[in-house]
Amino acid sequence: MKHKTVFSCQQCGHQSPKWLGRCPDCAQWNTLVEEALPAAKTKGRAPGPAGRPQRLQEVQAAEEDRIRCGIGEFDRVLGGGVVPGSLTLIGGDPGIGKSTLLLQGVDRLAAAGLALYVTGEESTRQVKLRGERLGACAENLYLLAETSLEAILERVKELNPAFLVIDSIQTVFTAALESAPGSVSQVRECAGRLMQLAKGEGVPTFLVGHVTKDGAIAGPRMLEHMVDTVLYFEGDPGHPYRILRAVKNRFGSTNEIGVFEMQEKGLREVSNPSELFLAERPEGAAGSSVVSSLEGSRPILVELQALVSGSSFGTPRRTAMGIDHNRVSLLVAVLEKKVGLSLLSQDIFVNVAGGVRLDEPAVDLGVLAALASSHLNRPVPPRTLLFGEVGLAGEVRAVSRPELRVKEAARLGFDRCLLPAGNLKSIEPPPAMELVGVRSVEQALDGLLD
Ligand code: TYD
Ligand code: MG
C-alpha cells in the first residue's frame with residue numbers, strides 16, 4: 001500500500017497534496033516538506049467533558065475557580081489567575097526568561113496542588129540549579145526530563161498533576177508522526193493532544209513556544225488559535241526590564257501587561273511601572289514629555305523623547321522606536337500645517353523610554369509636545385501630563401478612561417494635566433491637580449512651552 005503523505009509548509013502550516021516551490025498561503029519559498037499522515041486521524045473532541053446539552057444557567061463556572069499564583073503581575077495578565085482546564089502559550093526570544101517565569105510561577109502554584117514541570121531542553125539538574133537560585137522549593141513540584149509525548153501523557157496519568165508546564169512545545173514529539181520534533185505537523189499534533197488533556201481533565205497547562213526571527217511563535221499559526229491564552233514575554237536583553245503581554249485571552253482582557261525586573265535571584269515583579277519608567281527622566285530638558293498609556297486596566301505613565309535637528313542629507317531621517325512611525329509622520333504633518341513649525345527638512349527621532357511599546361492614540365498629544373519642544377528648544381514643564389488623540393484637522397479628541405490617567409498622574413506628584421476638552425466633564429479633579437481641557441493642538445501648545 002502506498003504510504004499517505006502530505007506536504008506542509010514549515011512557516012505557516014499550510015498543507016498541500018503535492019510539492020510546491022512556493023507556499024500559496026504565506027508566499028515563502030522552499031518551505032514545503034513531505035510528512036507522513038498519522039495512521040488514524042485523531043477525531044475532534046469537545047472542549048470539556050463530553051455529554052448531553054446543558055442549560056447555560058446550570059453550567060458550573062465561578063470566578064472563584066481561578067487559582068492565583070501570588071505573583072500579582074502574572075495573575076493580572078492571565079485575567080486574575082489560572083483558570084482550570086486552560087491552555088496557555090508563552091512565547092518569547094531565547095534567554096528572555098520564559099523558563100524562569102514559569103518555574104517561579106508553578107513553584108507558587110504547587111502550594112495549591114501537585115505541579116509537573118516537563119523540561120525538554122534542560123536536564124533536571126540544570127532546572128534544579130536554577131530553582132535553587134530562585135528559591136523554588138515547593139514540596140509538590142515535580143520535574144520530568146522527557147520529550148516523547150506518549151511518555152509525558154503516561155506520567156501525567158500516573159501523577160495526576162493539578163498544573164502542567166511543557167518547556168518547550170517545539171521539543172516534544174509524538175511517535176504517531178515521522179517528521180522531526182519542532183516541525184509544523186509535530187507541534188500541531190502535540191499541542192492538540194495536550195489541549196485534549198487540559199480540557200478533558202481540567203489541568204491548567206502552560207506551553208513554552210519559541211519565537212522565530214520575525215517575532216512570531218514558531219510553528220503553525222494554528223497554535224495561537226488553539227490555545228486559550230497567548231502571552232508574549234518581551235524585553236531588551238540590554239535592560240533588566242521584562243514585559244509580559246497578553247495578546248489573546250479567552251478569560252480576560254488582552255493588552256494587559258505585567259512588568260518584571262530580571263535580577264540575580266530571578267524575576268521580581270514591578271508593581272509601580274510608572275515610577276520605574278519615569279525614574280531617569282531628565283527634568284527641564286527640551287524634547288521630553290510624559291504621556292499616559294492605558295495597558296489593559298492600568299494606566300502607565302511613560303516618558304517620550306523627541307529629537308529634531310537640521311538634516312545634513314538630502315532626505316531627512318525619520319526614526320521612531322516604541323511607537324508607530326506612520327503615526328509620527330502624521331503628527332509631524334499636523335505640526336507643520338496647523339502650528340506652522342517647519343519640520344519637513346529636519347531629521348526627526350522619537351523614542352519611548354524604558355523599551356515600552358505605545359500603541360494607543362492617546363499618546364498623540366504627548367508626541368506632538370515633545371516634537372515641538374525639541375524643535376523650539378523649550379522644555380515641557382516637568383510635572384505636566386499630556387494625553388489626547390490628535391486628528392488630521394489638528395483637533396484634540398477625547399480618549400477612554402481619562403479619570404484613571406489623571407489619578408495615576410496625581411499619585412506620582414504631577415500637578416497639571418492637559419487633556420481633551422471633551423474628557424473634562426467626566427472627571428472629578430483630584431486635589432492639587434489643575435486640569436486644562438484643550439480642543440486643538442494650537443490651543444494645547446499655546447503657553448505650554450514658554
Ligand atoms: P531563561 O528563563 O532560561 O530564558 P528562556 O527560557 O526564555 O530561554 O532565562 C535565561 C536568562 O535569564 C539568562 O540569560 C540568565 C538570566 N537569569 C538571571 O539574570 N537571573 C536568574 O535568577 C535567572 C534564573 C536567570
Ligand atoms: Mg528556557
Side-chain angles (χ1 to χ4, degrees), residues 69-75 77-78 87-110 115-138 141-149 152 163-173 181-182 186-187 190-191 194 205-219 223-224 227 229-247 257-270 276 354-355 357:
C69 72
I71 303 176
E73 296 290 295
F74 194 18
D75 284 335
V77 175
L78 287 172
L87 188 61
T88 305
L89 178 65
I90 300 191
D93 289 327
I96 205 74
K98 301 180 294 295
S99 303
T100 308
L101 177 72
L102 282 176
L103 192 58
Q104 284 183 267
V106 288
D107 178 53
R108 300 281 202 97
L109 283 171
L116 177 61
Y117 186 107
V118 180
T119 160
E121 300 190 337
E122 294 159 306
S123 65
T124 43
R125 233 182 78 80
Q126 281 173 300
V127 179
K128 164 80 183 165
L129 285 176
R130 170 182 301 129
E132 267 173 7
R133 270 211 285 159
L134 304 176
C137 55
L141 178 57
Y142 284 72
L143 297 181
L144 170 67
E146 183 59 79
T147 54
S148 153
L149 181 71
I152 293 171
F163 305 98
L164 180 63
V165 174
I166 306 286
D167 188 0
S168 64
I169 186 68
Q170 276 89 4
T171 54
V172 179
F173 73 96
Q186 282 284 1
V187 169
C190 293
L194 288 163
T205 303
F206 294 92
L207 307 178
V208 172
H210 287 289
V211 156
T212 56
K213 271 184 239 96
D214 45 355
I217 291 178
L223 199 54
E224 297 203 3
V227 301
T229 304
V230 179
L231 308 179
Y232 272 93
F233 205 33
E234 321 169 325
D236 178 18
H239 281 107
Y241 308 116
R242 303 282 180 267
I243 292 179
L244 185 67
R245 191 184 289 278
V247 294
I257 69 165
V259 184
F260 296 88
E261 186 178 358
M262 182 62 97
Q263 294 185 333
E264 229 149 81
K265 291 196 167 158
L267 292 158
R268 186 184 68 83
E269 53 177 320
V270 177
L276 180 99
R357 254 209 83 80

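These numbers come from a predicted model, not from an experiment. Along the sequence shown, the residues carry numbers beginning at 1. Counting starts at 1 for both ligands and their atoms, following the listed order.
For Glu234 and Arg357, the salt-bridge test fails: no basic side-chain N is under 4.0 Å from an acidic carboxylate O.
The protein non-hydrogen atom at the shortest distance from atom 4 (O) of ligand 1 is Gly97 N, 3.1 Å. Considering only non-hydrogen protein atoms, atom 17 (N) of ligand 1 sits nearest to Met262 SD, 3.7 Å. For atom 23 (C) of ligand 1, the closest heavy atom belonging to the protein is Arg133 NH2, 3.8 Å. When hydrogens are left out, the protein atom nearest atom 20 (N) of ligand 1 is Gln263 O, 2.7 Å; that is the closest non-hydrogen contact.
Near Arg130, the atoms of ligand 1 lying under 4.0 angstrom from a non-hydrogen atom of the residue are 1 (P), 3 (O), 24 (C). Within ligand 1, counting atoms from 1 as listed, the ones closer than 4.0 Å to a heavy atom of Lys265 are 22 (O). Near Leu134, with a cut-off below 4.0 Å to any heavy atom, the atoms of ligand 1 are 22 (O), 24 (C). Here is the list of ligand 1 atoms found below 4.0 Å of a heavy atom in Pro94: 8 (O). Atoms of ligand 1 found under 4.0 Å from any heavy atom of Glu264, numbered from 1 in the order shown, are 20 (N), 21 (C), 22 (O).
Not a single heavy atom of Gly92 sits less than 4.0 Å from an atom of ligand 1.
Considering backbone and side-chain N/O atoms, Gly95 comes within less than 3.5 Å of an N/O atom of ligand 1. For a threshold of 3.5 Å applied to N or O pairs, the pair formed by Ser99 and ligand 1 contains at least one separation below that value.
Closest heavy-atom approach to atom 2 (O) of ligand 1 within the set Ile90, Thr100, Val127: this belongs to Thr100.
Of all heavy-atom pairs between Glu73 and Val259, the closest is OE1-N, 2.7 Å. Ala191 and Leu223 make their closest contact through CB-CD1, 3.2 Å (heavy atoms, listed as atom of the first residue, atom of the second, distance). The minimum heavy-atom distance linking Phe260 with Phe74 is given by the pair CZ-N, 4.0 Å.
In this structure, atom 15 (C) of ligand 1 has its sub-4.0 angstrom surroundings free of protein heavy atoms.
Side-chain atoms of Glu269 come within 3.5 Å of backbone N or O of Gly72 as a donor-acceptor pair.
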(message) For a side-chain contact (heavy atoms from CB on, under 4.5 Å) check, start with the C-alpha distance between Leu116 and Ile152, then their side-chain angles and the critical distance, and finish with the verdict.
(response) CA-CA 10 Å; Leu116 177 61; Ile152 293 171; 5.6 Å; no
(request) In sequence, state the C-alpha distance, the side-chain angles, and the governing distance for Leu102 and Asp167, and then conclude on side-chain contact (heavy atoms from CB on, under 4.5 Å). (result) CA-CA 9 Å; Leu102 282 176; Asp167 188 0; 5.7 Å; no
(message) side-chain contact (heavy atoms from CB on, under 4.5 Å) for Leu194 and Leu149? Distances and angles first, verdict last.
(response) CA-CA 9 Å; Leu194 288 163; Leu149 181 71; 4.1 Å; yes
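Distance check for Ser168 against the Mg ion (ligand 2): none of its N/O/S atoms falls below 2.8 Å.
Two residues are said to be in side-chain contact when any heavy atoms from C-beta on lie closer than 4.5 Å; Leu109 and Cys69 meet this criterion.
A side-chain contact (heavy atoms from CB on, under 4.5 Å) with Leu231 holds for exactly one of Ile257, Val77, Leu101, Leu89; it is Val77.
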